[in-house]
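I have placed the structure first, in the form of structure tokens, so that the comments after it can refer back to it.
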2 protein chains.
Amino acid sequence: MTSKMYVEILQKIYRIIEEDGLSAGDKIPSERELSERLKAGRSSVREALRSLEFLGIIETRRGEGTYLKEFGEHQLIDLLGMFILQDKKAKADLVETKWLIEQLCLLLACERRTEAQLDELKGFIQQKTIDYETFFKWVLKAGHNYLLERIWRVLNDFFRLQHEDVSLPLTFYEYTWTALKERHIANVLALFTEYVTKRS
Amino acid sequence: MTSKMYVEILQKIYRIIEEDGLSAGDKIPSERELSERLKAGRSSVREALRSLEFLGIIETRRGEGTYLKEFGEHQLIDLLGMFILQDKKAKADLVETKWLIEQLCLLLACERRTEAQLDELKGFIQQKTIDYETFFKWVLKAGHNYLLERIWRVLNDFFRLQHEDVSLPLTFYEYTWTALKERHIANVLALFTEYVTKRS
DNA sequence: AACGTTAGGTGGTCAGACCAGTTTGGTTTG
DNA sequence: CAAACCAAACTGGTCTGACCACCTAACGTT
């Protein structure tokens, strides 16, 4: 053995996934079976699986088995967040970055929102069930950029660890809704600056 | 034990690194010692270490020990790419997101660049050693947002897996330099759109 | 048919053993 | 004395076998 076993095992596991035609949600062979098929000790197999689990590529359920996860649920960004945000410098930048990303998402949403989505948002506002997170989840969906959505979620999770919940007056959502309807980007951003950025 | 041992071990290892004041290049305690200090089996410790190695946070050298690595050489990307490259939606999002983040960074750099930094950039341009990555590393530094810098690096690593190197005419850097000097945000973004976004 | 019970499978953890490298310090040798 | 040598004591890498906790499904009883 010159190279690392667990790296080879990773490749072999990948091949098995391909050959068996497994896709997201499917169950992959048990640790003991992989151990046999790959002619490796169970501990080596586990070391490989642990890396995959850590990255969110697989999910292990005690007593049940090991399953492939959707790309969408990759914790890639979360993990990076975990290790990146340990940095004190990074924490200081968290708020700013979150705002910047949020403005980016507002921009996308303003371009891409559909009439149906606007109606949905109006519903939230009229029922007064709207809050900052609900609003931005809508924005992210309307923006149609999944990667950006993931990044925002991480930032938001970390933000909540350090800050109180953001509470904005209903008028912010109403005005912004109008600006989104008119596709008036400048107004959308101005409202964000007025209600969010400046208030801190 | 309700939660996963190796996650706890990861946290404890991180604490040890902090308490012992270890930084990049330093040696961390041996697996057997960690096993004792953390009151866990060696295999559990190894599973945790494997995840860290997979992410490129540590480096293990047989016979020598385990060392802390700089964050940045993550072969994480290569291995992960193997599993992700198929997802076309993610691929599309990646390009867009990278551009968006880059525009964000340009915006920050335009606001915050110092005269000294401008001189440095001019040097790169005059020596013709400038390329897309060099340019954006400068932009990120000038933007003074560490978190955004990290996010961009990750996106860029993924991007390079799937695309050719971006090569832009020298004029782009020259014009952008001027716009940055004048703090003319609109021009900076217009140049980016003209030379980068539209070319694809 | 509905309800327990049980046996087998699965991941989670551990201890101990051995292999394969590196480092270290003491011994031998020139 | 210095250089070369070598063995012991590390280090990570791997395997085995043994438990535990948990889930599922099949089996039986009511």
Side-chain angles (χ1 to χ4, degrees), chain A residues 1-14 16-17 20 22 24-70 73 75 79, chain B residues 1-17 20 22-70 73-76 79:
Chain A
M1 289 305 134
T2 82
S3 66
K4 316 232 171 186
M5 193 92 226
Y6 89 96
V7 173
E8 290 178 27
I9 292 180
L10 279 175
Q11 296 169 343
K12 287 180 184 168
I13 289 178
Y14 181 60
I16 286 181
I17 291 174
D20 294 7
L22 302 179
D26 290 342
K27 184 176 177 178
I28 69 178
S30 75
E31 296 178 353
R32 290 170 177 84
E33 187 184 336
L34 283 175
S35 175
E36 273 190 29
R37 280 172 72 170
L38 306 182
K39 282 160 185 43
R42 195 182 150 209
S43 47
S44 293
V45 170
R46 278 184 63 80
E47 289 187 11
L49 290 178
R50 211 50 52 234
S51 299
L52 292 182
E53 183 187 16
F54 197 48
L55 287 180
I57 292 171
I58 61 172
E59 180 184 4
T60 57
R61 296 205 277 266
R62 181 196 215 128
E64 290 184 60
T66 305
Y67 298 83
L68 276 178
K69 263 171 103 168
E70 300 277 358
E73 294 167 31
Q75 291 158 0
L79 295 168
Chain B
M1 289 307 133
T2 83
S3 66
K4 316 233 170 185
M5 190 95 237
Y6 86 98
V7 173
E8 289 179 29
I9 292 180
L10 279 175
Q11 297 169 342
K12 287 180 184 169
I13 289 178
Y14 179 64
R15 229 177 294 151
I16 286 181
I17 290 174
D20 295 8
L22 304 179
S23 60
D26 290 342
K27 186 175 177 178
I28 69 178
S30 76
E31 295 177 353
R32 289 169 177 85
E33 187 184 336
L34 283 175
S35 176
E36 274 191 27
R37 280 174 70 170
L38 306 181
K39 283 163 183 40
R42 196 182 147 209
S43 46
S44 292
V45 170
R46 279 184 62 81
E47 288 186 11
L49 289 178
R50 213 49 52 233
S51 298
L52 291 183
E53 186 186 16
F54 195 51
L55 285 178
I57 292 170
I58 61 171
E59 180 184 3
T60 57
R61 295 204 280 266
R62 181 195 213 124
E64 291 184 59
T66 305
Y67 299 82
L68 274 179
K69 239 168 114 178
E70 295 281 359
E73 320 217 342
H74 30 51
Q75 73 275 36
L76 145 73
L79 292 166

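Numbered from 1 within each chain, the chains take letters A, B, ... in sequence-line order.
- Judged by atom type and distance alone, B/Arg42 reaches the base of D/dG13 through a side-chain donor-acceptor pair under 3.5 Å.
- Distance A/Arg62 CZ to D/dT24 C1': 16 Å, rounded to the nearest Å.
- Separating the NZ atom of B/Lys27 from the C1' atom of C/dT24 is a distance of 12 Å, rounded to the nearest angstrom.
- Rounded to an integer number of Å, the gap from A/Tyr67 OH to D/dC23 P is 12 Å.
- Note on B/Arg46: every side-chain N or O is 4.0 Å or more away from OP1 and OP2 of C/dT13.
- At D/dG13, one or more side-chain N or O atoms of B/Thr60 fall inside 4.0 Å of OP1 or OP2 (strictly under the cut-off).
- Between the side chain of B/Arg32 and the base of D/dG12 there is at least one donor-acceptor pair of N/O atoms closer than 3.5 Å.
- For the pair B/Ala40 and A/Leu49, nearest-nucleotide mapping onto DNA chain C gives the more 5' position to A/Leu49.
- Contact record, A/Ala48 with A/Leu10: O-CD2, 3.7 Å, taken as the closest heavy-atom pair.
- Side-chain atoms of B/Ile58 and B/Lys69, non-hydrogen and from C-beta on, never get closer than 4.5 Å to each other.
- Using a 4.0 Å heavy-atom criterion, one finds that B/Gly63 contacts the bases of the nucleic acid, with or without backbone contacts as well.
- Across all strands, A/Ser43 comes closer than 4.0 Å to base atoms (heavy-atom distances).
- Rounding to whole angstrom units, CD of residue B/Glu59 and P of D/dG13 are separated by 11 Å.
- Note: CD (A/Glu47) to P (C/dG11) measures 16 Å, nearest angstrom.
- Side-chain contact between A/Glu53 and A/Glu59 is absent, with no heavy-atom pair separated by less than 4.5 Å.
- Without hydrogens or angle criteria, B/Lys27 side chain to B/Leu22 main chain gives no donor-acceptor distance under 3.5 Å.
- Atom P of nucleotide D/dT11 and atom CD1 of B/Ile28 are separated by 12 Å, given to the nearest angstrom.
- Note on A/Arg61: only backbone sugar-phosphate atoms sit closer than 4.0 angstrom, heavy atoms only; bases stay farther off.
- The separation between B/Glu31 atom CD and D/dC10 atom C1' is 13 Å, rounded to whole Å.
- Ranked by how close their nearest DNA chain D nucleotide is to the 5' end, A/Ser44 and A/Glu64 are led by A/Ser44.
- Remark: A/Ser30 is in phosphate contact with C/dT10, judged by side-chain N or O atoms under 4.0 Å from OP1 or OP2.
- Listed here is the closest heavy atom pair of A/Ser35 and A/Ala40: OG-O, 2.5 Å.
- As rounded to whole Å, 17 Å separates atom P of C/dT10 from atom CD of A/Glu53.
- Taking only side-chain nitrogens and oxygens, A/Thr66 comes nearer than 4.0 Å to OP1 or OP2 of C/dG11.
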